[in-house]
Number of protein chains: 4
Amino acid sequence: MQDIIFLIKCPDQKGLLANISSFFYNNGFNILQCRQYTDTINNEYFMRIQLDAAGLQTSRRELEKKFGEFGKGYALEWSIHYSDYRPKVAVMVSKASHCLYDLLERYTEKELHCEISLVLSNHPTLEYIADQFRVPFFCLPVNADIKGEQERKIISLLDKHHIDLVIMARYMQILSPEFINRYPQRIINIHHAFLPAFEGGDPYRRAYERGVKMIGATAHYATADLDRGPIIAQDVEPITHEHTPNNLKQIGKDIERLVLSRAVRYHLEHRIIVANNRTVIFK
Amino acid sequence: MQDIIFLIKCPDQKGLLANISSFFYNNGFNILQCRQYTDTINNEYFMRIQLDAAGLQTSRRELEKKFGEFGKGYALEWSIHYSDYRPKVAVMVSKASHCLYDLLERYTEKELHCEISLVLSNHPTLEYIADQFRVPFFCLPVNADIKGEQERKIISLLDKHHIDLVIMARYMQILSPEFINRYPQRIINIHHAFLPAFEGGDPYRRAYERGVKMIGATAHYATADLDRGPIIAQDVEPITHEHTPNNLKQIGKDIERLVLSRAVRYHLEHRIIVANNRTVIFK
Amino acid sequence: MQDIIFLIKCPDQKGLLANISSFFYNNGFNILQCRQYTDTINNEYFMRIQLDAAGLQTSRRELEKKFGEFGKGYALEWSIHYSDYRPKVAVMVSKASHCLYDLLERYTEKELHCEISLVLSNHPTLEYIADQFRVPFFCLPVNADIKGEQERKIISLLDKHHIDLVIMARYMQILSPEFINRYPQRIINIHHAFLPAFEGGDPYRRAYERGVKMIGATAHYATADLDRGPIIAQDVEPITHEHTPNNLKQIGKDIERLVLSRAVRYHLEHRIIVANNRTVIFK
Amino acid sequence: MQDIIFLIKCPDQKGLLANISSFFYNNGFNILQCRQYTDTINNEYFMRIQLDAAGLQTSRRELEKKFGEFGKGYALEWSIHYSDYRPKVAVMVSKASHCLYDLLERYTEKELHCEISLVLSNHPTLEYIADQFRVPFFCLPVNADIKGEQERKIISLLDKHHIDLVIMARYMQILSPEFINRYPQRIINIHHAFLPAFEGGDPYRRAYERGVKMIGATAHYATADLDRGPIIAQDVEPITHEHTPNNLKQIGKDIERLVLSRAVRYHLEHRIIVANNRTVIFK
């Protein structure tokens with residue numbers, strides 16, 4: 001069965017639920033799921049509504065036009081997603097293999113509703129994994145001199161493959177603000193710390209030195225403000241004084257894998273709306 | 001601000017969300033929160049809708065009558081709850097103090113929207129705690145001969161105090177099916193194991209003997225089928241081979257406290273609907 | 001650096017720590033780590049002692065002989081493990097790929113100190129994964145008529161490859177007691193439930209029907225008593241009423257993966273001693 | 001049964017375990033438990049050894065002298081603790097009641113091996129709780145003018161009652177470095193955030209604004225460097241976009257309670273050694 005998903009954001013106002021749900025009912029749709037959230041601090045309203053596509057009695061374009069007209073009355077910002085489209089994904093990596101393996105494995109097992117179109121890296125190290133899973137691999141080494149040039153090449157690859165989502169699966173280069181801003185809420189990064197603790201480099205060593213009793217990982221949309229984009233998912237594991245920075249790296253791998261794949265799934269299932277640098281997630 | 005909460009259950013059918021939300025909108029209400037769930041296996045629909053009571057333009061009785069009429073068309077089963085009423089609660093205990101302390105403390109700190117009217121026990125042991133918090137304490141010792149008689153006394157106390165909810169906070173007697181059936185979905189019990197593991201007596205010793213690596217606790221509505229009522233909340237803690245049955249009892253206390261108070265809060269906030277011996281909980 | 005690990009079990013008695021540690025000190029060893037546990041209920045003593053192999057001043061055989069002599073005085077049961085030996089492992093699977101992928105990935109990333117020598121299955125389904133990781137795959141279909149015959153073939157493969165550990169990574173056949181008893185504490189099974197809850201078949205469906213609020217997985221040594229062997233590792237995840245049995249299966253995959261690999265790692269690092277159907281695990 | 005506990009720290013060197021355990025064995029002691037940890041990064045050795053006091057064949061003073069002599073050879077830093085002494089504790093609070101309630105309840109239930117001698121506060125708000133549990137309450141209001149004076153009064157109260165441990169159970173004043181330094185590793189503070197995230201004031205509001213998906217609490221020894229002392233215990237709970245700062249405060253209360261009491265228990269059971277601003281905890 002195919003679904004149609006609307007993500008909606010607007011100023012809070014009376015009658016939103018009754019009027020929006022009636023719109024779809026009156027247009028012949030069966031509502032499979034509807035989740036709402038009212039941010040009472042900022043007076044904003046959020047909705048995710050999932051319709052049985054079998055109810056569609058017009059063209060998609062007509063539905064969009066009709067809902068667009070309807071939405072004007074409520075100042076709705078909205079997006080529409082058809083479940084028969086599989087978003088195209090690029091995975092960016094450096095040398096650490098665990099997140100790449102995990103994503104490709106879940107992809108192979110059909111846990112992720114997408115098409116992984118290519119793997120990009122600044123090192124050739126992980127090419128064999130992309131090969132193993134028969135996904136094209138592009139190696140674009142980076143140094144200070146050619147960084148801008150390489151970013152342009154990456155952009156051209158992403159454009160050519162009509163990439164909808166970029167996953168930074170432990171890509172250890174900092175991308176330029178220009179690059180980042182080109183893909184708003186379309187780049188998911190995994191940071192190997194429980195943000196906002198240990199922003200920046202070498203978080204496991206710093207966690208060891210601070211003597212924390214849990215370590216974590218954070219998946220977030222990348223913004224030009226490094227490690228400060230809207231957080232999508234976080235998790236932690238208890239540790240003890242016995243763990244060296246190397247042990248933490250090892251333990252952290254399992255957290256990173258789980259947190260990143262969870263965030264990617266929320267995104268691909270159209271469960272996330274961003275507002276005020278925070279994510280509203282309809283699980 | 002006062003709220004009105006409806007809990008609704010009915011056969012799944014098209015238009016429920018649009019029609020129910022329109023009913024409230026058309027009757028002048030602002031919908032503060034609305035949560036739905038469709039059980040696609042049993043084709044049942046569940047809703048919790050929370051209204052701003054300021055929108056009430058009629059008497060409560062009239063609202064109820066009107067919604068009752070409306071609901072017939074959809075075969076709705078429903079209940080209504082006004083937040084200005086504080087449900088009356090009886091706590092039943094034996095000798096273990098931790099759950100009683102926890103409930104009374106949360107009650108004092110206004111975490112629980114209720115009035116704890118009395119504490120009942122088959123032992124005098126915990127009277128000092130009820131005293132400390134200035135709640136009436138009734139001691140009704142039980143043995144095989146007088147069990148029926150004592151249950152009748154308990155019923156008469158519950159009736160007299162118009163008790164809405166009975167919390168079995170480690171009450172170590174088995175109540176008769178007649179007693180239990182008198183209070184459907186109005187008795188919450190805490191079992192000191194991760195049900196369905198270790199139903200019945202002495203679960204910590206049995207957990208030790210089985211060598212499990214986590215222990216847990218389960219809060220559920222009591223039914224005549226011992227330890228098999230609808231589960232409301234569960235949690236676990238990791239343990240190791242080093243923990244003796246006594247250690248488990250100690251560790252378990254914190255789990256029991258948290259799980260029981262969580263379940264009680266869901267109930268008092270009217271977040272639970274029971275169907276097919278399972279709980280639908282709108283958190 | 002190479003290590004030598006002793007696992008020791010004996011009746012509790014005074015002077016064990018002083019005398020055993022002095023034995024190694026007097027024989028020129030640096031003790032890298034030493035963990036003890038006294039089971040005060042059964043009066044048993046357990047120790048794991050890890051030595052710097054650089055201290056070895058004799059042949060391995062002589063060390064073993066000398067320690068054997070020493071141990072008689074205390075009725076020690078013990079085993080010795082040299083870290084330069086990589087245990088040989090066979091993985092048994094049926095059709096579910098997630099545990100096999102996870103083990104092979106960790107193996108490739110050198111997280112597991114072993115050699116995965118072969119993958120055995122009663123179905124050809126997962127051959128492509130073994131191929132991907134270049135591990136030999138043997139398909140031995142099973143039905144009631146040829147079960148005994150196939151088990152004999154499996155045994156002959158395990159013998160031929162000098163297999164030290166069998167991992168049942170969602171192998172959906174029940175092995176005969178004769179087979180199981182041939183490999184005491186050398187078969188690790190993953191059961192997709194939080195044992196002792198939901199022993200036997202179809203645990204996710206039964207978890208759904210019982211309405212539990214958490215599901216789990218359990219890794220244990222296989223014994224002839226199905227799903228009742230010594231538990232090595234367990235974990236759980238919270239679920240809600242919204243999860244269908246299929247969702248539980250999906251959520252469970254991540255728990256199974258983590259729990260199984262954790263148990264395998266404890267075994268391969270010689271951290272487990274079994275007594276009274278319980279595991280002592282020196283983490 | 002009475003125990004004697006030694007906490008030991010020294011430069012790592014060969015023979016420590018054999019020689020220290022032999023010392024106690026040769027002096028007639030049964031070793032109930034012995035835990036060691038070698039910090040291979042800083043080359044430091046840590047030990048907690050728990051003896052059956054029944055083995056004591058001399059006066060306590062003589063034991064201490066003898067061990068002192070022995071320890072010189074290994075440059076041991078050590079402390080000795082007799083389980084028949086119950087450390088004296090002062091609890092400092094402001095207006096939040098949950099941690100105070102929890103500590104007094106656990107104290108009453110004999111979970112904490114100590115004597116809570118007094119409760120100190122800068123507000124009269126919680127006097128009724130101290131009264132309820134019959135513990136003396138002292139109110140010492142603070143403002144900029146009299147801060148030094150009040151600290152002197154607090155010190156004189158702590159001295160007079162021979163206080164061994166100060167628990168800052170949500171005491172909302174910053175103590176002077178002079179005060180803090182007077183009680184090294186003898187003041188435990190609970191910070192309502194997952195340190196090092198959200199050091200300083202108003203962490204729940206800042207956690208809300210940052211949009212984190214988990215909140216936490218941290219118990220640590222207070223040092224002159226605010227919120228940067230050695231961490232003893234931490235824990236977290238998942239949250240969602242739906243939680244307001246007020247909800248976080250509510251959820252946080254349960255984490256704070258558990259984390260603080262866990263840290264206090266480790267301290268009172270003499271399980272903690274501090275080195276390099278990190279805690280070694282022998283659980």
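Chain letters run A, B, ... following the sequence lines, proteins first and then strands; every chain starts at 1. Everything quoted here is computed from the prediction, not taken from an experiment.
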Chain A contact via D/Asp235 - which portion, at a heavy-atom distance below 4.5 Å
both
Atom CD1 in A/Ile281, atom CD in D/Glu242: separation rounded to 0.5 Å?
11.5 Å
Assert top hit (heavy-atom pairs under 4.5 Å, partner chain A, pool D/Pro238, D/Pro230, D/Gly229) equals D/Gly229
A/Arg228 atom CZ, neighbour heavy-atom count above 12 within 6.0 Å:
no
Can you say whether A/Ile41 sits under 4.5 Å from chain D via the side chain, the backbone, both, or neither, judging by heavy atoms?
side chain
For A/His243 and D/Arg278, which heavy atoms make the closest approach, and how far apart are they?
O-NH2, 4.3 Å
Considering the options A/Val236, A/Ile239, A/Val212, which one meets the side chain to side chain contact (heavy atoms under 4.5 Å, CB included) requirement together with D/Gln234?
A/Val212
Interatomic distance, D/His220 atom NE2 to A/Lys213 atom NZ [nearest 0.5 angstrom]:
13.5 Å
What parts of residues 245-265 of chain A touch chain D if we use heavy atoms and a cut-off under 4.5 Å?
A/Pro245
Contact origin within A/Tyr208 toward chain D - heavy atom pairs under 4.5 Å
both
Tabulate, in ascending numerical order, the residues of residues 187-206 of chain D having at least one heavy atom closer than 4.5 Å to a heavy atom of chain A, or enter 'none'.
D/Phe194, D/Leu195, D/Pro196, D/Ala197, D/Phe198
Nearest 0.5 Å, please: how far is CZ in D/Phe282 from NE2 in A/His241?
5.0 Å
Scanning both residues in full, the closest heavy-atom pair of A/Asp227 with D/Arg210 reads O-NH2, 3.2 Å
